[in-house]
K.L.:
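First the structure, which I've put down as structure tokens, then a few questions once you've had a look.
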Amino acid sequence: MDFDNIVTSRYNQLHGTNQFAKDKARHHTNSHAKSDPAVTARIQLAVIDIGAMLDYASSFGSIVISRAYADWSAAVNARYQRQLTDRAVDLIQLFPTVASLKNGRTSDWPSM
């Protein structure tokens, strides 16, 4: 599974098209002094229920290979590491090719 897309899609589903990029949620940490509390709240509202997601996927049949691809160094993704590994999902690290891009794609650039 492309876990980056799952996190981004859930956030945008709740908060509006391209809001993940506009809020710079990928690099948001609530421990930083200048963190926007509104973004922290939006991230909390968009938390994914890993168990429900995997249970839904398995309702279609056995999950034979379970890998989650993401930039696990991003705080918005890192919060899910334990839940995924507890369910025997292998975490595959994908580093952005450019610091401001998700997996090297320009789709996360905010509109000009």
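All heavy atoms count here, side chains included; hydrogens, waters and symmetry mates do not. Quick note: residue numbers are just sequence positions, from 1.
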K.L.:
What pair of heavy atoms forms the shortest contact from T17 to K22, and how long is it?
P.N.:
O-NZ, 3.7 Å

K.L.:
With rounding to the nearest 0.5 angstrom, report the CG to CD1 distance, L14 to I43.
P.N.:
12.5 Å

K.L.:
Measure from the side-chain N and O atoms of D23 to the backbone N and O of A25, and report whether any donor-acceptor pair falls under 3.5 Å.
P.N.:
no

K.L.:
Would you give me the side-chain donor-acceptor pairs under 3.5 Å for residues 46-58, sequence neighbours excluded?
P.N.:
residue	atom	partner	partner atom	Å
D49	OD1	G51	N	3.2
D49	OD1	A52	N	3.1
D55	OD1	R87	NH2	3.4
S58	OG	L54	O	3.3
S58	OG	D55	O	2.9

K.L.:
Does a side-chain heavy-atom distance below 4.5 Å link V39 with Y11?
P.N.:
yes

K.L.:
Distance check, rounded to the nearest 0.5 Å: L45 atom CG versus H15 atom NE2?
P.N.:
5.0 Å

K.L.:
Heavy atoms only: give me the nearest S66-A88 pair and the separation to one decimal.
P.N.:
OG-O, 3.0 Å

K.L.:
For R79, is the CZ atom crowded, meaning more than 12 foreign heavy atoms sit under 6.0 Å from it?
P.N.:
yes

K.L.:
Determine the minimum heavy-atom distance between W72 and A78, stating which atoms define it.
P.N.:
O-CB, 3.3 Å

K.L.:
Does a donor on one side chain sit under 3.5 Å from an acceptor on the other, for N77 and D4?
P.N.:
yes

K.L.:
Is there a side-chain contact between F20 and V76 (heavy atoms, below 4.5 Å)?
P.N.:
yes

K.L.:
Return the minimal non-hydrogen interatomic distance between H28 and S35, and the atom names on each side.
P.N.:
CE1-CB, 3.6 Å

K.L.:
Could you grab the distance from atom CD of Q19 to atom CD of Q13, nearest 0.5 Å is fine?
P.N.:
14.0 Å

K.L.:
I want to check something: taking the side chain as every heavy atom from C-beta on, are Q93 and D71 in contact at a cut-off of under 4.5 Å?
P.N.:
yes

K.L.:
Can you tell me if T29 uses its side chain to pair, donor with acceptor, with the backbone of A75 under 3.5 Å?
P.N.:
no

K.L.:
Can you tell if the side chain of V7 reaches within under 4.5 Å of the side chain of R26, non-hydrogen atoms only?
P.N.:
no

K.L.:
Answer whether the closest heavy-atom distance between the side chains of F3 and L84 falls below 4.5 Å.
P.N.:
yes

